[in-house]
Structures are given as C-alpha cells and as structure tokens.
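Nothing fancy with the numbering, it's 1 onward along the sequence.
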Amino acid sequence: MFVEKIPGDYENGDVNKNLDDDVRVKRTGTWITASAHIITAVIGSGVLSLAWAVAQLGWVGGPAALVVFSFITYFTSTLLADAYRAPDPVRGQRNYTYMDAVRAYLGGRKVQLCGLAQYMNLTGITIGYTITSSISMVAVKRSNCFHKHGHQAKCETSNYPFMVIFGCIQIVLSQIPNFAKLSWLSIIASVMSFAYSFIGLGLSIAKVAGGEEDVRTTLTGVIVGVDVSGSEKVWRTLQAIGDIAFAYSFSNVLIEIQDTIKWSPVVPENKSMKRATAIGVSTTIIFYLLCGLVGYAAFGNDAPGNFLTGFGFYEPFWLIDFANICIAIHLLGAYQVFAQPLFGFVEGWCSRRWPGNRFFTSEQAVRVPFYGVYYINLFRLVWRTTYVIVTAFVAMLFPFFNNFLGLIGAGSFWPLVVYFPIEIHIAQTKMAKFSFKWMWLKILTWACLIVSLIAAAASVQGLIQSLQAYKPFQLQY
C-alpha cells in the first residue's frame, strides 16, 4: 500500500484534529521532552573528561570557565528560542530548522554559512560518537582483562568490531521518522547519562575520602617544569577552554527540538523552550561542576582524559563495566539527536526537488511483529542506512577523529552558539546601532570569536600530534 504524505494524519478520521496550523502533524512535545533532548545532546561522555580540563586551569580558572560558558550558552539559547517564529516570536510563521530562522531574519549568504557550519558540525559529531562508543565498549573488555590478569597486562582490543555493532544498531534507530518520534530514546539516553555521571562522581568521592595517594592540586592547574613544559601548559590551557566552551553547545539542534513542542495560547513554544533550556543548562552545570571539581580533587594534576575509559579507576570492575555500557547506550540516543536534523534537511530538499517521485514522497505499509503497521519511505531507508555506513567507515579510517571534531566544534561554536542568535535578536528587535545593549552584545560576539580561534589553534596542534602518533600516516620532520 502506498500513501502520500504521512498516514498518521488521516488515521483518526478528522484531518484537522491531527494537524497543526501549518498543516503538519500535530506536535505533542512538552518542556519535559525538550529538556530530555537537551540533556541527551549536552551531557555526553565528555563530562568524564572535565577533571582533566579543570586540572589544566586549576581551582580558579576551572570553575570560572564552567560557569561563564554555561551562562553564555543559556543566554544565546533564549535569544534563539524567540527565532522559532517570524516576525513575531509567538504568532509568527514557524521556522522548522536553524537555517529557516537565519533565512527569515538575516537572509543572504548567511543562510549558506549557517547551513555549512551546522551540518558539518552534526556530521562530525556523529562520527565522533561512533568512535567514542567503541572506546567505551573496548573499555568494558579491557576492564575484565585487567581484573583477570592484573593492571600491568597489555589487554589490547580492536575498536573496529564495536564500531560495526554500533553502526548496525544505528541503522535500525535511524528509521525513526523524525525528532517528534525520538522522545522515548532521548529519555532513556538522559537516564544513562545521569547513571554514568553519578558512578564517576561516586568513585571520585570514594577516592578522595580514601586518601590513599598524595594528590597535587593548585589554584592555577598543572605546574610548568613539574607536570608540563611551558608550551604544553599553553596548548593544554587553550584546549581546556575550548572543551568547556563546546561542552554546553546544543544550538545546532535547538530549533529542531523546539519544532516538536505543542503550541498553546497560554504557553507558546518559545516559553516552553526557554523553560527546557533553563532546566537543561542548570542540570548540566551542576553535573559539570561536581564531576570536574570532585574529579580534580581525586586525581589532581595527573587527571586522565577520561577516568572511566582511561582507567583512572580499575575497581570495582563490574561497576566500571556498567558505567561504560551506560555511555554506549547514551551515545546511541545522542547520535540520533544530532543526526535527525541532517536527515530531515536532505529528505526535505529531495522531496521539494522531485515532488512527483514516489521514491522520495510515498510511504509503504509494512506489518512488524509485536509493533503493528510501520510506514517505510524507501528513500529514507536507503539514505539513512548509507549515511550510517559512511560515518562508521570514516570512524574506522581515522580513529583520531575526535581531535578533528574539536576543530569542527571550534569552527561552529562562534557562528551557531553566539553570532547568529545575537544577530537574529538584533534584527528581530530592530535594535539601534551603538546603543548600550547593541555594544555589549557585539563585545560578547567578538570575545567568543577569540575563544573559537584559540580553541581552533589548540585543536590543530592536537591533530598534528595525533597524526604523528598514527603510524600509517606518521609525519616526518
């Protein structure tokens, strides 16, 4: 059976009961589901590396950076939430994607710049998550090996089989039609992120309470001449600032998340999204401060890059295994949160380009055991499966891609998190040039540009080091 559009629009008789004012499927999301999407997107396994970032900056710079960048992210996200509709943030026409919002308020080549930054960033994140999930699964296998043979055993394991497993699961999950159908997966992923964060926090507290080792901590972080050289101190500081700045970022999927929220005359979408943003960012800063500061207290200036996969802890091995499994499950959901906007962009473009082609526009009903009737779009099946395979293949080719992801993050942080939200706000409110508010918004924009540039420089330096260590492509000097 082939049907045009989405079959669910017509299943309950009256079409108008199932459609919103823009003749799309009625949105059912709330601030709760939006908060789950945000937490899934923001609290990643990187929370476990914050102890390393704080170790580079110390007791003063570490907490300060965490607080400052959380405020910046929250502030610019609330500005972007008002851009979901144009020209009025409550009654205006909907913008379904970040690019649509930029097109409605700014237009011109800025639309292409936004699309390039957003979709390159989303693609990079999905590749990075493929690598990170495999590292967590390898850590489970190595943890059991260390427990059996001792901490000095080599216990080397290939990441490739786990990347294949992750890719196979993503092929199935990628058939979830859109963001609106993703809430259950985001809720599961959010629970997993809380689980491994609490485990990491609990192990760090236990280590601090045990007081078995002499842990060195300072106000300014790692010490030049003792822990690192002068140049290493500079590069590590820049990298830590960049890591913290990007750790809060979810603007690349904010508009798409907001497009899942149902409208009501009492609580319009922008208010619900601002509430979800406040919950998401406040939850994140609490976890980040706890994990970063307690982790630094536990490991000091010798904090590992990730104290679960990097074996800051070896025992209890079963708890380490469980935490790493939680990381892998969380990344299954996080991959979809970042992939769905890209999926929707390509599918929307193709359906507009070839509106009469059934391959792009029709749905085929398939009866699935224990589920019921599921509607498959052939192009969606082929395109999303191909995308997952390609990202897994790239992850296998470049296991150091996470360093390159840092460079992509540096390139997208400034335009997506800061520049476009502020420029849209200025255009939306028709703010006068050189007014007080205009001036400090511009100062914030330029300051964050500097952060992106220094973080990009640190990422390039880290990428060069990874290339040097990667034997098939080792650089000669």
Side-chain angles (χ1 to χ4, degrees), residues 20-22 27-43 66-102 104-106 114 118 179-180 182-183 186-187 190 245 247-288 337-338 340-341 413 415-431 437 440-441 444-445 448:
D20 271 328
D21 58 330
D22 59 346
R27 296 157 179 84
T28 59
T30 64
W31 62 269
I32 297 176
T33 60
S35 299
H37 288 315
I38 292 171
I39 292 171
T40 300
V42 178
I43 301 182
L66 287 167
V67 172
V68 168
F69 285 109
S70 69
F71 173 77
I72 292 173
T73 301
Y74 171 73
F75 173 69
T76 58
S77 296
T78 58
L79 299 183
L80 191 57
D82 284 333
Y84 173 62
R85 289 180 179 266
D88 182 79
V90 177
R91 296 285 183 176
Q93 185 176 353
R94 298 174 192 265
N95 295 308
Y96 305 112
T97 66
Y98 201 144
M99 284 182 66
D100 290 340
V102 173
Y105 285 102
L106 303 177
C114 172
Q118 182 184 13
F179 237 126
L182 204 63
S183 299
S186 284
I187 291 173
S190 297
Y248 294 96
S249 177
F250 65 96
S251 295
N252 47 5
V253 292
L254 186 148
I255 296 293
E256 286 79 0
I257 292 174
Q258 192 167 346
D259 192 44
T260 66
I261 299 177
K262 63 183 177 183
W263 179 89
S264 77
V266 179
V267 185
E269 302 96 343
N270 63 333
K271 286 189 177 181
S272 295
M273 192 63 198
K274 289 177 181 178
R275 185 178 184 182
T277 298
I279 292 172
V281 174
S282 60
T283 302
T284 301
I285 183 59
I286 291 172
F287 270 87
Y288 281 9
V337 168
F338 287 104
Q340 284 292 337
F413 169 76
L416 297 178
V417 179
V418 180
Y419 175 75
F420 284 125
I422 287 177
E423 289 300 307
I424 288 173
H425 177 69
I426 290 174
Q428 187 180 50
T429 58
K430 297 180 174 60
M431 192 180 300
K437 187 175 182 180
W440 77 260
L441 285 176
L444 176 62
T445 300
C448 290

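- Taking each heavy atom of Y98 and P421 in turn, the nearest pair found is OH-CD, 3.3 Å.
- In this structure, the side chain of S70 engages the main chain of V67 through a donor-acceptor pair within 3.5 Å.
- Here the side chains of K437 and H425 are in contact, with some heavy-atom distance below 4.5 Å.
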Next item on the list: Evaluate the side-chain contact (heavy atoms from CB on, under 4.5 Å) criterion for residues I285 and F71: first the C-alpha distance (whole Å), next the side-chain angles of each, then the deciding distance (0.1 Å), finally the verdict.
Entry: CA-CA 9 Å; I285 183 59; F71 173 77; over 6 Å; no

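- Taken from CZ in F69 to OG in S249, the straight-line distance is 12.0 Å, to the nearest 0.5 Å.
- Contact check for E423 versus L79: no side-chain heavy atoms found under the 4.5 Å cut-off.
- Panel note: side chain Q428, backbone Y105; no donor-acceptor pair is recorded below 3.5 Å.
- Between D100 and R94 there is no salt bridge, since none of the side-chain N atoms of the basic residue sits less than 4.0 Å from a carboxylate O of the acidic one.
- Closest non-hydrogen pair, F420 versus L106, comes out as CD2-CD1, 3.7 Å.
- Between F75 and W440, the angle of the ring planes lies from 30° to 60°, which puts this pair in the tilted group.
- Of all the heavy atoms in T277 and F250, the pair that sits closest is CG2-CZ, 3.8 Å.
- Nearest heavy atoms, A83 versus N95: O-ND2, 2.9 Å.
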Next item on the list: I would like to know whether H37 and S183 meet side-chain contact (heavy atoms from CB on, under 4.5 Å); could you show each step before the answer?
Entry: CA-CA 7 Å; H37 288 315; S183 299; 3.9 Å; yes

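- When all heavy atoms of G280 and T284 are compared, the closest pair comes out as O-OG1, 2.6 Å.
- Checked by atom type and distance alone, the side chain of S186 never pairs as donor or acceptor with a backbone atom of A36 at under 3.5 Å.
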Margin query: Before you tell me yes or no, could you show the steps for W263 and R91 under side-chain contact (heavy atoms from CB on, under 4.5 Å), namely the whole-Å CA-CA distance, both residues' side-chain angles and the distance that decides it to 0.1 Å?
Written below: CA-CA 10 Å; W263 179 89; R91 296 285 183 176; 3.2 Å; yes

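- Qualifying side chain to side chain donor-acceptor pair (under 3.5 Å) partners for Y74, counting only residues two or more places apart in sequence or in other chains: none.
- With sequence neighbours excluded, no residue satisfies side chain to side chain donor-acceptor pair (under 3.5 Å) with K271.
- Listed here is the closest heavy atom pair of E269 and I261: CG-O, 3.8 Å.
- Under the side-chain contact (heavy atoms from CB on, under 4.5 Å) rule, Y84 has a single partner from I257, L254, I255, N270, which is I255.
- At a threshold of 4.5 Å between non-hydrogen side-chain atoms, the residues D82 and T78 do not count as touching.
- Listed by first and then second residue, the salt bridge (Lys or Arg N to Asp or Glu O under 4.0 Å) pairs involving residues 255-268 are R27-D259 (not counting sequence neighbours).
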